Amino acid sequence: SKMHWGFAELAFNDLTTRAKQILKATEIDANLSASYRAQAMARYDQIIRKYGTSLFTNFIDRVISNSVTSPRLNSNSANQLIIILVVGSITIISVASFYIERRRKEE
């Protein structure tokens, strides 16, 4: 929420200059094996990218690209697409088979 984002901004502003520089320069990586800092920056970038700076200020002043750069997010999307296509295909085939069988019994 906007309130929690404000708390995060206050916490960031209380950091040392060096800590702020480290966060700003952190490469994003949403993999579970990545550091908590990299995961947090991936989430931060995603929020700014999704909702924009009109709703949530970019208080870390990170350069946010328009595309998702996390390999995990990209591969996850591809995996989800494959699953959706497989389930969708099975559903269509099942429904079509049901109607064909029903039509045969009516004749």
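The chain is numbered in sequence order, starting from 1. Note that the structure is predicted; figures quoted are calculated from it, not measured.
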Value rounded to 0.5 Å, distance of [atom1] in [X] from [atom2] in [Y]:
{"X": "Asp61", "Y": "Thr53", "atom1": "CG", "atom2": "OG1", "result": "11.0 Å"}
{"X": "Met41", "Y": "Leu23", "atom1": "CE", "atom2": "CG", "result": "5.0 Å"}
{"X": "Phe12", "Y": "Tyr44", "atom1": "CZ", "atom2": "OH", "result": "7.5 Å"}
{"X": "Leu10", "Y": "Leu15", "atom1": "CG", "atom2": "CG", "result": "11.0 Å"}
{"X": "Lys50", "Y": "Leu55", "atom1": "NZ", "atom2": "CG", "result": "11.5 Å"}

Open item on the list: Who clusters with Phe98? Use side-chain heavy atoms, under 4.5 angstrom, across I, L, V, M, F, W and Y, and order the result by chain and number.
Closed with: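 Hydrophobic cluster check, Phe98: joined to Val95, Tyr99.
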TODO: Please check if the side chain of Asp45 supplies one atom and the backbone of Arg49 the other of a donor-acceptor pair under 3.5 Å.
DONE: no
Open item on the list: Under the salt bridge (Lys or Arg N to Asp or Glu O under 4.0 Å) definition, can you give me all pairs with a residue in residues 7-20, not counting sequence neighbours?
Closed with: none
- [ ] Only counting residues at least two apart or in another chain, list the ones meeting side-chain contact (heavy atoms from CB on, under 4.5 Å) with Ala8.
- [x]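 Partners of Ala8 under the side-chain contact (heavy atoms from CB on, under 4.5 Å) test: Phe59.
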